[in-house]
2 protein chains.
Amino acid sequence: MAAPLSAASGPGPASSRSRRARRPSGDDRERAILATAERLLEQRPLAEISVDDLARGAGISRPTFYFYFASKDAVVLALLDRVVAEARALRAEAVRGSALGGDVRENWRAALGAVRDTFRAHRALTAAATQLLAHSPEVRTLWAQVMEGFVTETAAAIEAERARGAAPAGPPARDLAVVLNWMNERVVQVTLAGQQPAVAEEDLIDVLLTVWLRAIYGTDDPTGR
Amino acid sequence: MAAPLSAASGPGPASSRSRRARRPSGDDRERAILATAERLLEQRPLAEISVDDLARGAGISRPTFYFYFASKDAVVLALLDRVVAEARALRAEAVRGSALGGDVRENWRAALGAVRDTFRAHRALTAAATQLLAHSPEVRTLWAQVMEGFVTETAAAIEAERARGAAPAGPPARDLAVVLNWMNERVVQVTLAGQQPAVAEEDLIDVLLTVWLRAIYGTDDPTGR
DNA sequence: CACGGTAGTCGACACCCTGTCGAGAGCGTC
DNA sequence: GACGCTCTCGACAGGGTGTCGACTACCGTG
């Protein structure tokens, strides 16, 4: 059994996933492990990377690796923490921007695009995280929190649009938000991984946006505020 | 490296995934392995089931297991083959029923419900298949074929609705079909696995159906034929 | 400057799992 | 009764994980 990791802390600055408080030299090692993981993930899937590979790549022995991280998965989790924080921040920024007004369609597009861009910039990590999602409770918890954040934000936006009469009534806003966000998650992941059947990468946001707008407003051209 | 499995054959009756042509006694053994896998999957995730567990459960030794299946994954693939065939058949039946006329909304609901029902009846296997999807090329290929079939069917239906003037123009029908089907896949899977954020199981089809109808027709109440 | 504590390091070990090889056992058939 | 076939498994090789205990290097303190 792997030693328990510190649970992902709630909202706030990205928490340290490392096992130890950082030390001058230890900090370098930790970064080296992270960098090695990122590099190797560009070359082959996570399942084909061993702790030994990570340790050697960082210039340390296998037991020493365990001084820094509890497992291979914990390394990916640490990497994912950073990317996830980036995605959250960018999406939140897009949503904040929308609150100031502007074209409704473009506002939604910005929110969708922010997430797509973040994960596109880290394809290899995204693929690894997808694998871990299947069998790492820690990753599943982190991801559930991320999705929950997106869903809550989306549901609030839908309710605001209904309140101002721009969007028609329908299923509970949260339910709509849940299925739309999972749609995006899956389709972005499939597209970035090059799986089939997929939509061409350049059409992705357009198609998703159409579904979002029709699902929320019933039309491709919601009225601005 | 695992010995290569016979590739999933195209459309047609479910192909045999077993390594050998069936023999009187060998056939029983094969069934015993399959049954053991199904039973153990109800108790714990695939990653925590070893080939030895499967072999012991079927009353044979580990090496003997390899006479029947090339790997643990091949067993799940064989199980999945059956469930997938069931899902395809039920959905195709629902789609065929739609071609005869009837309420448009109910027709779409039947297609969505068919898939949900099949996988709900095999929760444990669905969870295992999801794990394998991440690292088994064979499962990925099989699943890609299934999704491709759903997408093609859906796209044809959308085009038919557009042709008869019931559905407005919009993104390419296939693109719409791709994102809607992946949405269903992901949301059904998340819901069946009890992950968060999710929609209550009894509301699932209603919410999905609303998104499908709004995305395809722009309204919750498409006109019948 | 010695000296004790702490961070950091790794060789060796125990363990678990996979997949294969080769020697057989049972059994129908000529 | 011996050949060939399916089927079986003990034993092995290999690779992975995580841990333990001894060791080193360094840093602050008296």
Side-chain angles (χ1 to χ4, degrees), chain A residues 1-5 16-34 36-37 40-41 44-78 128 131-132 135-138, chain B residues 1-5 16-34 36-37 40-41 44-78 128 131-132 135-138:
Chain A
M1 295 296 138
L5 293 167
S16 169
R17 291 278 181 194
S18 63
R19 228 175 171 187
R20 287 264 161 194
R22 39 214 44 181
R23 293 285 145 183
S25 153
D27 201 9
D28 292 344
R29 290 279 144 89
E30 199 175 311
R31 268 200 299 271
I33 293 171
L34 258 7
T36 303
L40 292 183
L41 280 175
R44 49 183 195 271
L46 181 63
E48 285 170 30
I49 297 172
S50 70
V51 169
D52 204 38
D53 295 332
L54 258 21
R56 280 176 194 288
I60 55 178
S61 70
R62 209 166 50 78
T64 300
F65 167 92
Y66 287 102
F67 182 82
Y68 292 100
F69 291 97
S71 68
K72 186 171 71 172
D73 293 1
V75 177
V76 178
L77 193 58
Q131 311 216 168
L132 274 193
H135 66 265
S136 159
E138 287 87 1
Chain B
M1 293 300 133
L5 294 166
S16 168
R17 293 280 182 190
S18 64
R19 227 176 173 188
R20 287 263 163 197
R22 39 214 43 181
R23 294 283 145 186
S25 153
D27 201 9
D28 293 343
R29 289 280 144 89
E30 199 175 310
R31 269 199 298 271
I33 294 170
L34 257 7
T36 303
L40 292 182
L41 280 175
R44 49 183 195 272
L46 181 63
E48 284 168 32
I49 298 171
S50 70
V51 169
D52 204 38
D53 295 332
L54 257 23
R56 279 177 193 287
I60 55 178
S61 71
R62 211 166 48 78
T64 299
F65 167 92
Y66 287 103
F67 182 81
Y68 292 100
F69 291 96
S71 67
K72 186 171 70 173
D73 293 0
V75 177
V76 178
L77 192 58
Q131 310 214 171
L132 273 193
H135 67 264
S136 159
E138 286 86 1

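Letters go in sequence order (proteins before strands), and every chain restarts at 1. Note that the structure is predicted; figures quoted are calculated from it, not measured.
Annotation: proximity of residues 54-64 of chain B to DNA chain D (heavy atom, distance under 4.0 Å) is found for Ile60(B), Ser61(B), Pro63(B), Thr64(B), numbered in ascending order.
With sequence neighbours left out, Ala55(B) forms a side-chain contact (heavy atoms from CB on, under 4.5 Å) with Ile60(B), Phe65(B). Partners of Arg62(A) according to the salt bridge (charged side-chain N to carboxylate O under 4.0 Å, His left out) rule, which considers only residues two or more places apart in sequence or in another chain, do not exist here.
At least one side-chain heavy atom of Val51(B) sits less than 4.5 Å from a side-chain heavy atom of Tyr66(B). Taking the side chain as every heavy atom from C-beta outward, Arg31(B) and Asp28(B) approach each other to under 4.5 Å. Side-chain contact between Pro45(B) and His135(A) is absent, with no heavy-atom pair separated by less than 4.5 Å.
In this structure, CG of Leu46(B) is placed 13 Å from P of dC17(C), rounded to the nearest angstrom. Here the C1' atom of nucleotide dT20(C) and the CG atom of Asp52(B) are 16 Å apart, to the nearest Å. If you take OH of Tyr66(A) and P of dC13(C), they are 18 Å apart, rounded to a whole angstrom. Rounded to an integer number of Å, the gap from CZ of Phe67(A) to C1' of dG21(D) is 15 Å. Distance CD1 (Ile33(A)) to C1' (dG8(C)): 12 Å, rounded to an integer number of Å. Protein atom CG of Asp53(B) is 12 Å distant from nucleotide atom P of dC16(C), rounded to whole Å. Straight-line distance from the CD1 atom of Ile49(A) to the C1' atom of dT17(D): 16 Å, rounded to whole Å. Counting to the nearest Å, the P atom of dT18(C) and the CZ atom of Phe69(B) are 15 Å from each other.
Closest to the Lys72(B) side chain, of the nucleotides dT18(C), dC7(D), dG18(D), is dT18(C). Distance from the side chain of Ser50(A) is smallest to dG16(D) among dT18(C), dG16(D), dG8(C).
What you find for Phe69(B) and Ala78(B) is that their closest heavy atoms are CE2-CB, 4.2 Å.
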